[in-house]
Amino acid sequence: MILPVDFYDRPTLDVARDLLGKVLMYRSRQGVASGMIVEAEAYIGEDDPACHAAVGRTERNAPLYGPPGRAYVYLNYGIHHLVNAVTEREGHPSAVLIRALEPLDGLALMRRRRAQAPWRAGKAAVPDHHLCRGPGNLSRALGISLADNVRPLTRGPLLIRDEGLEIGELAWDGRIGIRVGTDRRWRASVAGHRSVSG
DNA sequence: CGTTCGATGCACT
DNA sequence: GTGCATCGAACGT
């Protein structure tokens, strides 16, 4: 079952927790690639210094202010596309960053896309559990790009589904990879999972 | 193990 | 001009 908009129209920490074990799927012309979400971070409101909305509304962060259940995709460090699920109702800028997946379908396609990264030329094949480890890596593996920004996660090529998968123990830790707001323990992950980036 | 650092594009000041 | 919600290689212990 595809997660409905109501799933995202809730407190962001609840959405982050409940996204663990759900399946992020991308259907492209080249085929389907999907994985179970094992790591996610909450970014909540203009008072969260690490949230893109901390600077107020701009053209780039406008999707955060829009309706829940859509993707917020942006380019980071000039190289990586990072994908978020927008949460809470319009006017409450918040989202969950998807940081890692356990690959399920389309592993060969993922491996091909990862190998196309310029810095991987001539390198060994990426091991399965590293294919979607890290937010930049998972976007590349699934083929997510800026074209997916603001697209609904409830239909179209980029979807999140509940397939009833079981997860292990859930852990809350400080968010990583940011320079401010690291004290907030808003990173949810499947404890000890080998695809978690932290 | 650990830390440092370059690549690379663009939003924001 | 500055600074990233990253990745992975290169070095030092």
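Chain naming here is simple, since letters A, B, ... match the order of the sequence lines and numbering starts at 1 in each. Values in this document were obtained by computation on a predicted structure and should not be read as measured data. Heavy atoms only: backbone and side chains are in, while hydrogens, waters and symmetry mates are out.
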Write down the distance between [atom1] ([X]) and [atom2] ([N]), rounded to a whole number of angstrom.
{"X": "A:Arg179", "N": "C:dT2", "atom1": "CZ", "atom2": "C1'", "answer": "11 Å"}
{"X": "A:His130", "N": "C:dC7", "atom1": "NE2", "atom2": "P", "answer": "12 Å"}
{"X": "A:Tyr77", "N": "C:dT2", "atom1": "OH", "atom2": "C1'", "answer": "13 Å"}
{"X": "A:Arg120", "N": "C:dT6", "atom1": "CZ", "atom2": "C1'", "answer": "14 Å"}
{"X": "A:Asn137", "N": "C:dG8", "atom1": "CG", "atom2": "C1'", "answer": "9 Å"}
{"X": "A:Tyr72", "N": "C:dA5", "atom1": "OH", "atom2": "P", "answer": "10 Å"}
{"X": "A:Leu82", "N": "C:dG3", "atom1": "CG", "atom2": "P", "answer": "20 Å"}
{"X": "A:Leu64", "N": "C:dA5", "atom1": "CG", "atom2": "C1'", "answer": "11 Å"}

With hydrophobic residues grouped by side-chain heavy-atom distances under 4.5 Å, do A:Val150 and A:Leu82 end up in a single group? no

So, A:Arg10 and A:Glu88, do they make that salt bridge, N to O below 4.0 Å? no

Pair assignment for C:dA5, Watson-Crick or G-U wobble, requiring both distances under 3.5 Å: none

Please determine, for B:dT8, whether a Watson-Crick or G-U wobble partner exists with both distances under 3.5 Å, and give it or none. none

Looking only at the side chain of A:Ile79 (C-beta and beyond, no hydrogens), which of the listed nucleotides C:dA5, C:dC7, B:dT8 gets closest? B:dT8

Choosing from B:dA7, C:dA9, C:dG8, which nucleotide comes nearest the side chain of A:Lys123? C:dA9

When you check the phosphate oxygens OP1 and OP2 of [N], does a side-chain N or O of [X] lie under 4.0 Å from one of them?
{"X": "A:Arg133", "N": "C:dT6", "answer": "no"}
{"X": "A:Arg140", "N": "C:dG8", "answer": "no"}
{"X": "A:Trp119", "N": "C:dG8", "answer": "yes"}

What's touching nucleotides 11-13 of chain B from the protein side, N or O pairs under 3.5 Å?
| from | atom 1 | to | atom 2 | distance (Å) |
| --- | --- | --- | --- | --- |
| B:dC12 | OP1 | A:Thr58 | OG1 | 2.1 |

Under 4.0 Å, heavy atoms only, any strand: does [X] hit a base, just the sugar-phosphate, or nothing?
{"X": "A:Arg187", "result": "nothing"}
{"X": "A:Arg175", "result": "nothing"}
{"X": "A:Gly78", "result": "base"}

Could you tell me whether the side chain of A:His52 has a donor or acceptor atom within less than 3.5 Å of a complementary atom in the base of C:dA5? yes

Pair [X], [Y]: side-chain N/O donor-acceptor within cut-off below 3.5 Å:
{"X": "A:Ser195", "Y": "A:Arg133", "value": "no"}
{"X": "A:Glu102", "Y": "A:His129", "value": "no"}
{"X": "A:Ser28", "Y": "A:Arg113", "value": "yes"}

Less than 5.5 Å between centroids and less than 30° between ring planes, does A:Tyr43 satisfy that with C:dA5? yes

When the C1' atoms of C:dG8 and B:dC10 are considered, how many whole Å apart are they? 22 Å

Can you name the closest pair of heavy atoms from A:Ala85 and A:Tyr8 and give their distance? CB-CE2, 3.9 Å

Between A:Thr154 and A:Leu3, is any pair of side-chain heavy atoms under 4.5 Å apart? no

Determine, using ring centers only, whether A:Tyr74 and A:His52 are less than 6.0 Å apart. yes

